[in-house]
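Each residue takes its place number in the sequence, starting with 1.
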Amino acid sequence: MRVDADGPGRGAFARSFDVCVIGAGPAGITLARRLAALGHDVALMEGGGEDITAESQEIYEGEPIGRDYWPLDVPRLRFLGGSSGHWGGWCRQLDDVDFAAKSWNPMSGWPIDKAALDPYAREADGILDIPRAETDQTDAEAAAGFRQVFFRFSLPPTNFRDKYSPELDASPRITLGLNANLVDLDLSPDGAEVVAARFRGWDPADEGFAVKARAYVLACGGIENPRLLLNFDRQAPGGIGNANDLVGRYFAEHPHFVLAEAIFRAPFDLPKLSFYSPTEAFMAENEILNFGMRIERMDEPFFRQFGTIAGDPACTDPFMLRLAERIADVSPGCAPGGDGRVSFDGLLRFAHEQALNPDSRVLLAPDSDRFGLRRGALDWRLGELDKRTQHVALLAFGKMLADEDIGRIRIRDWVLREPFDWPGIADDEVGGKHHMGTTRMADDPKRGVVDRDCKVYGLANLWIAGSSVFPTGGHANPTYTIIQLTLRLGDHLDATLG
C-alpha cells in the first residue's frame, strides 16, 4: 500500500509495525521486500516522492570543505528508488582480501569475511538483473603482480522505482510512505532504544506524525545516514550512535583519475574496457591498497601536446615508427614534429580503495534545511598511502607493458609533479560518487558505529543499511555488496524479531 504523507491517508501509520525502514533506495527497498516475504509488517518511509522535485532535492544540498568534490546534492537522488535512478549498473563482488586487515592501513578489516555474503550472490544477481559471473584470473595466472578481473553490468541498470513499485503497492505487508521526511528519532528515557521515528510532510504548518515499530533501520546513504544521526542530539549529546565520535568519520570514496595514455605494439583486441587488479602478494610486498587499473580503448584521436620521451627509438622497428608517428617530437630522425594530434590506443584510468582517515568525514554545516536540521558538509581527504598506491601501480604496470614489449605509456604531467596534488572535478572524473564508511562496522564500539550485524552500538533496536557501514571499500562499485549485506540484514532481523 502506498500513502502520501502530505495527504489524508497517513493515518495508516497510526498502528505499530514490526520494522520501520527509513529510505527507499536500493537498500531500503531490498530490505522491505525481504522482510515482507518473511512475514513482517514494514513501514517503508521515503522523504521524496514518486519523481524528482527541486523541493526534495534541496534537502541534500551541502558543500565540500575538503578536496574538490561535487555539491552534495549532485551525486544523490532523493525520491523513490534513490540513486538507482542514475547509476550505471556496474557490479562486482568485493575480493577476499578486501575483508582482511592490512597493517599498513590502520583500522582496516571487516568483522565478517566474504563467505558471510557469498550465500546471497545468486539472489543479488536476480535483484539487480545481472548476467552470470565472469571468471577473474587467479593470482597464479597473474603476470608481474597483475591479474585481469571483470565487472558485470545490470542490464539495463535496474531502476528500483520502476521495477519494484508494483510489488510495493500490492504488498499487504508493506506500507510505503512518500514525502515522509525524517526529522527525529525518539529514544526511551534510558536512551537504550528507539521508541518512535518522527516524520513531516512538506506543508510548513504540518506538525508531523510518529511511526512506531519493534525495529528501525536507517537506509539513507553514506552522507545522509551520518547527517541524520549527528542532528539527532536532543537526547544523545553529540548525536545518536556517536558515543565514541565515529559517526561521519572515515568517509571513503573510490578515487578515479586518468593517469596515462597508452599505445600498443599490435592492435589491441580488447573490449571497450579491460580491468587489472593486483595480486595479494603485490599489495603486501608494496604495502599498497587494492585497485582497478582500467584500460579504456579510444576510438577517437586524443589531442594533446607532448614533449620528448626519453630514449632514442630504433627507427627501423615498425612499432617504434608507429610510436614516433603518434607522439610528436620523439626523435628528430623519426617523428614528423607533430601538431599535438596523437592517436593513442587507450587511457589508463585508475580507481582504488581509499586509505582510512578519521579526518575524512561528513560533518554538520552551520546552516539548516527547511526542517531545522543542519546541512551536511564533506571534508574529503586523500593522503600519502593513496598517492603511493597510485604511483606504485602505474609504474609497475607501465614497466610490465614495456618489459613484455606490449606497448608504452605516457604518464600525465600532474602524476609526477611536486608538490603533488590530484586534479579537481573540472579536469577529471575524481571519484565514483560512492559514499562509504561513515557508520563503519566493527566488533569493538571504539572502532565502529555498528556491529557485525549492522546494529548501532548502545541501541537495542536501531540498524543501518547501505555502504556507510563498509569498514573499507576495495575498488569495486558498492551496489552489489550493498544488496548482499541488506539481504543478510533481513535474515538477521527475521531471526531477531522471531
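In this model, no donor atom of one side chain and acceptor atom of the other lie less than 3.5 Å apart for Glu63 and Trp70. A side-chain N or O of Thr472 and one of Trp110 form a donor-acceptor pair less than 3.5 Å apart. Checked by atom type, the side-chain pair Asp129/Thr158 shows a donor-acceptor distance below 3.5 Å. Donor-acceptor pairing under 3.5 Å is lacking for the side chains of Arg374 and Ser368. A donor-acceptor contact under 3.5 angstrom links the side chains of Ser468 and Asn225, judged on distance only. Side-chain contact check for Arg249 and Asn244: no donor-acceptor pair (N or O, by modelled atom type) lies under 3.5 Å.
With hydrogens and angles disregarded, a donor-acceptor distance shorter than 3.5 Å links the side chain of Asn159 to the backbone of Arg161. At least one donor-acceptor pair closer than 3.5 Å links the side chain of Ser360 to the backbone N or O of Phe251. For the pair Asp233 (side chain) and Ala236 (backbone), a donor-acceptor distance under 3.5 Å is absent. Using modelled atom types, no side-chain atom of Arg388 and backbone atom of Gly383 make a donor-acceptor pair closer than 3.5 Å. A donor-acceptor pair is defined here as one N or O able to donate and one able to accept, closer than 3.5 Å; such a pair exists between the side chain of Glu141 and the backbone of Thr138. For the pair Glu46 (side chain) and Gly48 (backbone), a donor-acceptor distance under 3.5 Å is present. Judged purely by atom type and a 3.5 angstrom limit, Gln137 uses its side chain to pair as donor or acceptor with the backbone of Gln148. Panel note: side chain Gln484, backbone Ala124; no donor-acceptor pair is recorded below 3.5 Å. Judged by distance alone, the side chain of Thr438 and the main-chain N or O of Ile223 form no donor-acceptor pair under 3.5 Å. Judged by distance alone, with hydrogens and angles left aside, the side-chain atoms of His434 form a donor-acceptor pair with the main-chain N or O of Gly432 at under 3.5 Å.
Here the straight-line distance linking atom CG of Leu182 with atom CD1 of Ile22 works out to 4.5 Å at 0.5 Å rounding. Here the CG atom belonging to Leu385 is positioned 9.0 Å from the CG atom belonging to Leu356, to the nearest 0.5 angstrom. Summarising the geometry, atom NE2 belonging to His254 is positioned 7.0 Å from atom CG belonging to Asn477; distances are rounded to the nearest 0.5 Å. Distance OG/Ser84 to OH/Tyr164: 10.0 Å, rounded to 0.5 Å. Atom CZ of residue Phe350 and atom CZ of residue Arg294 lie 11.5 Å apart, to the nearest 0.5 angstrom. The structure places CD1 of Ile65 at 8.5 Å from CZ of Arg361, a figure rounded to the nearest 0.5 Å.
Phe146 and Phe282 have tilted rings, their planes meeting at an angle from 30° to 60° on a 0 to 90° scale.
Partners of Asp403 under the salt bridge (charged side-chain N to carboxylate O under 4.0 Å, His left out) rule, at least two apart in sequence or in another chain, are Lys399. In this structure Tyr480 satisfies the ring pair (Phe, Tyr, Trp, His ring centres under 6.0 Å) test with no other residue, sequence neighbours excluded.
Leu218 is not listed as a side-chain neighbour of Trp463, based on a closest heavy-atom distance of 4.5 Å or more. When side chains are defined from C-beta on, Val430 does not count as touching Asp68, because their heavy atoms never get closer than 4.5 Å. In this structure, the side chains of Val469 and Met436 stay at 4.5 Å or more apart for every pair of heavy atoms. Contact annotation: the side chain of Met283 never approaches that of Leu289 to less than 4.5 Å [non-hydrogen atoms, C-beta and beyond]. Side-chain contact between Trp422 and Asp428: absent, with no pair of heavy atoms (C-beta onward) separated by less than 4.5 Å. Residues Asp73 and Glu58 fail the side-chain proximity criterion, which asks for heavy atoms closer than 4.5 Å.
Contact record, Thr486 with Ala465: OG1-CB, 4.5 Å, taken as the closest heavy-atom pair. Of all the heavy atoms in Gly238 and Leu230, the pair that sits closest is O-CD2, 3.7 Å. Of all heavy-atom pairs spanning Ala284 and Trp104, the tightest one is CA-CH2, 3.6 Å. Residue Val449 comes nearest to Gly241 through the heavy atom pair CG1-O, 3.9 Å, listed as atom of the first residue, atom of the second, then distance. Residues Glu123 and Leu487 approach most closely at OE2-CD2, 3.7 Å, considering heavy atoms. Closest of all the heavy-atom pairs between Leu128 and Cys91 is CD1-SG, 4.1 Å.
In this structure, Arg227 pairs ionically with Asp369, as a charged nitrogen and a carboxylate oxygen lie closer than 4.0 Å. In this structure, Arg408 pairs ionically with Asp405, as a charged nitrogen and a carboxylate oxygen lie closer than 4.0 Å. Remark: Lys114 does not engage Asp95 in a salt bridge, criterion side-chain N to carboxylate O under 4.0 Å. Classification of Lys102 and Glu287 as a salt-bridged pair fails, no side-chain N sitting under 4.0 Å from a carboxylate O. A salt bridge links Asp379 and Arg381; the closest N-O separation between the charged side-chain nitrogens and carboxylate oxygens is under 4.0 Å. Comment: Arg152 engages Asp125 in a salt bridge, judged by a side-chain N to carboxylate O separation of less than 4.0 angstrom. Salt bridge present: Arg349 and Glu296 bring a charged side-chain N and a carboxylate O closer than 4.0 Å.
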Handout entry: Derivation and outcome, salt bridge (Lys or Arg N to Asp or Glu O under 4.0 Å), residues Arg92 and Asp136
Key = CA-CA 11 Å; Arg92 177 177 168 80; Asp136 295 337; 2.8 Å; yes

Problem - Stepwise side-chain contact (heavy atoms from CB on, under 4.5 Å) check, Asn290 with Thr389 - result: CA-CA 8 Å; Asn290 203 357; Thr389 296; over 6 Å; no

Handout entry: Test log, rule side-chain contact (heavy atoms from CB on, under 4.5 Å), inputs Asp386 and Gln354
Key = CA-CA 6 Å; Asp386 300 297; Gln354 184 180 327; 3.7 Å; yes

Exercise for the section: Report the C-alpha separation of Phe99 and Leu94 in whole Å, then their side-chain angles, then the decisive distance to 0.1 Å, and conclude whether the side-chain contact (heavy atoms from CB on, under 4.5 Å) test is met. Expected result: CA-CA 8 Å; Phe99 295 84; Leu94 292 178; 3.7 Å; yes

Exercise for the section: In sequence, state the C-alpha distance, the side-chain angles, and the governing distance for Arg78 and Asn181, and then conclude on side chain to side chain donor-acceptor pair (under 3.5 Å). Expected result: CA-CA 11 Å; Arg78 194 176 189 270; Asn181 298 280; 2.8 Å; yes

Handout entry: Test side-chain contact (heavy atoms from CB on, under 4.5 Å) applied to Leu382 and Lys387, step by step
Key = CA-CA 8 Å; Leu382 299 175; Lys387 174 185 172 182; over 6 Å; no

Exercise for the section: Under the salt bridge (Lys or Arg N to Asp or Glu O under 4.0 Å) rule, what do Glu253 and Lys433 come out as? Steps first, then yes or no, please. Expected result: CA-CA 7 Å; Glu253 246 277 18; Lys433 303 182 180 70; over 6 Å; no

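Aromatic ring centroids of Phe275 and Phe150 lie 6.0 Å or more apart. In this structure, His475 has its ring center no closer than 6.0 Å to that of His352. Annotation: His391 is in aromatic contact with Phe420 [ring centroid separation under 6.0 Å].
Within the cation-pi definition used here (under 6.0 Å to the ring centroid, within 45° of the axis), Arg76 qualifies as a partner of Tyr60. By the 6.0 Å and 45° rule, Arg440 stacks over the aromatic ring of Tyr250.
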